[in-house]
Amino acid sequence: MALRCGRGAVLLAGGLLAGLTACGGPAPTPLQSQYQSSEERALRYYARGELPRALQGFQDSLRWAEIADDRPAIVAQSLNVGAVALALGEWSLAERNLRKALRVATALPDPASLLQARLGLAEIQLRRGRFAAVRTEFQRALDQGREQRDNAAVLAALNGLGLTYKGLGQVREARQFMDEAEALARSSGEKRLLAAALANRASLALSVGETRQVDAWLAEAVELDREAENLPGLAHDLALLARVRQEQGDSRGALELYRQARTIARHTGQQVQAQEYEQAIGLLERESSVPLR
């Protein structure tokens, strides 16, 4: 899924919010026009990082697709609702829509969308900390992504396996998958994919106290996400970099980065992350006597 969540998992399947099914022919019907209008509105909100509004737009588009009984459009919009709900931490809504996408994609059949749905469901389990159970799902997705020559799905699965092994405390295996993810992301030329891979490597290094390369990885991730205007990813990068500054004893630098991350999280509607950053700011202020305003 092309989204991030605070300091949690960073998976990137890519392409989910682009190239969606269009119902129309030369002259769209009223139902098709409603679908397209809702979809276009949702995509505009998503591009601006306004995730709650994007979610509503995708839900509206899904409703029109269901009314028109357009199965490919139902799959596409169910995936989009699931992806944005996942980014907002609405697990039940995300899971419900991803399962709908899985069911309809299976019936069509649509192997690419089926793989996207499975990756999204695996990410939910990863974020819930079910590491042992989700390992098999990511390995299966990795095999299918390679078979379908879907680099974005392969990257998502590699990142997922890296984070899964990180959660299991198997650092060597986690690093191997993340190294492979970074190499593939660099060869793909996709800024968001590479930024996610670098942020994952930095997160793993921080978890085991290896900070030698973390600054460089996160500086590059921040630059890539700024260029791509990937606001959820940028907030995640900045928060990780703030942790690095904390560990380096640079309280002022950490505060500035957390404030930037908080501003972005508030804008995107990611309230859980915004609260985390607010708490980090409060703790730093108490420890360093640096005023908030």
Side-chain angles (χ1 to χ4, degrees), residues 1-12 44-55 83-91 127 159 163 166 191-293:
M1 311 301 286
L3 302 158
R4 311 185 188 203
C5 185
R7 300 184 198 172
V10 180
L11 303 187
L12 207 67
R44 285 195 300 270
Y45 284 133
Y46 182 78
R48 295 200 296 260
E50 299 178 43
L51 298 186
R53 290 182 174 182
L55 178 61
V84 180
L86 202 159
L88 290 169
E90 298 187 24
W91 312 123
R127 296 192 187 191
N159 276 316
L163 292 165
K166 175 189 172 187
K191 294 177 181 179
R192 292 188 184 209
L193 299 176
L194 180 54
L198 291 167
N200 283 339
R201 293 198 69 181
S203 177
L204 175 64
L206 281 171
S207 71
V208 295
E210 298 175 0
T211 60
R212 183 169 53 89
Q213 291 182 275
V214 168
D215 266 301
W217 288 333
L218 289 175
E220 186 176 1
V222 167
E223 181 180 357
L224 290 165
D225 275 329
R226 283 198 189 280
E227 290 178 3
E229 296 187 351
N230 178 23
L231 297 182
L234 179 58
H236 176 266
D237 303 336
L238 292 169
L240 281 176
L241 195 52
R243 286 179 56 195
V244 175
R245 295 290 176 266
Q246 270 185 275
E247 295 185 11
Q248 293 171 341
D250 181 4
S251 297
R252 288 187 178 275
L255 275 169
E256 179 58 31
L257 290 163
Y258 274 128
R259 288 168 184 162
Q260 292 179 38
R262 179 188 59 183
T263 297
I264 295 170
R266 285 174 174 173
H267 171 79
T268 58
Q270 295 175 292
Q271 298 304 320
V272 172
Q273 292 90 327
Q275 291 172 6
E276 286 183 6
Y277 306 151
E278 186 75 43
Q279 291 171 0
I281 289 168
L283 180 61
L284 274 169
E285 286 187 315
R286 288 191 293 274
E287 290 178 348
S288 63
S289 300
V290 178
L292 176 63
R293 303 299 174 192

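Just so you know, residue 1 is the first one in the sequence shown, and it goes up from there.
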With a 4.5 Å limit on heavy-atom distance, are the side chains of L241 and D215 in contact?
-> yes
Report yes or no: does T263 contribute a side-chain atom to a donor-acceptor pair with the main-chain N or O of R259 at less than 3.5 Å?
-> yes
Please confirm whether the backbone N or O of A47 pairs with a side-chain atom of E229, one donor and one acceptor, at under 3.5 Å?
-> no
So, Q248 and R245: side-chain donor and acceptor under 3.5 Å apart, yes or no?
-> yes
Atom CZ in R243, atom CG in L206: separation rounded to 0.5 Å?
-> 5.0 Å
For the atom pair CG (L204) and CD (E210), what is the distance rounded to the nearest 0.5 Å?
-> 7.5 Å
Between atom CG of D225 and atom NE2 of H236, what is the distance when rounded to the nearest 0.5 Å?
-> 10.0 Å
What closest approach, in Å, do A265 and Y277 show between heavy atoms, and which atom pair accounts for it?
-> CB-CE1, 4.0 Å
If you look at every heavy atom in V214 and A205, which pair is closest and at what distance?
-> CG2-CB, 3.6 Å
Got a sec, which residues hit salt bridge (Lys or Arg N to Asp or Glu O under 4.0 Å) with E227, two or more places apart in sequence or on another chain?
-> K191
Which atoms form the tightest heavy-atom contact between Q273 and A87, and what is the distance?
-> NE2-O, 3.8 Å
Can you check side-chain contact (heavy atoms from CB on, under 4.5 Å) on S207 and K166, steps first, answer last?
-> CA-CA 9 Å; S207 71; K166 175 189 172 187; 3.8 Å; yes
For A254 and Q246, the nearest pair of non-hydrogen atoms, with its separation, is CB-CG, 3.7 Å
Apply salt bridge (Lys or Arg N to Asp or Glu O under 4.0 Å) to R48 and list each qualifying residue two or more places apart in sequence or on a separate chain.
-> E50
Nearest heavy atoms of A274 and R266, plus distance in Å = CB-CG, 4.0 Å
For R226 and D237, run side-chain contact (heavy atoms from CB on, under 4.5 Å): C-alpha distance rounded to whole Å, both residues' side-chain angles, the deciding distance at 0.1 Å, then the answer.
-> CA-CA 10 Å; R226 283 198 189 280; D237 303 336; over 6 Å; no
Drop me the distance from I281's CD1 to E256's CD, to the nearest 0.5 angstrom.
-> 9.5 Å
Side chain to side chain contact (heavy atoms under 4.5 Å, CB included) test vs L234 passes for just one of L224, T268, V222, namely V222
Distance (rounded to the nearest 0.5 Å) between L51 CG and L86 CG | 11.5 Å
Which atom names give the shortest non-hydrogen contact between L55 and V84, and what distance separates them?
-> CB-CG1, 3.8 Å
How long is the gap from OG1 on T211 to CG on L218, to the nearest 0.5 Å?
-> 11.0 Å
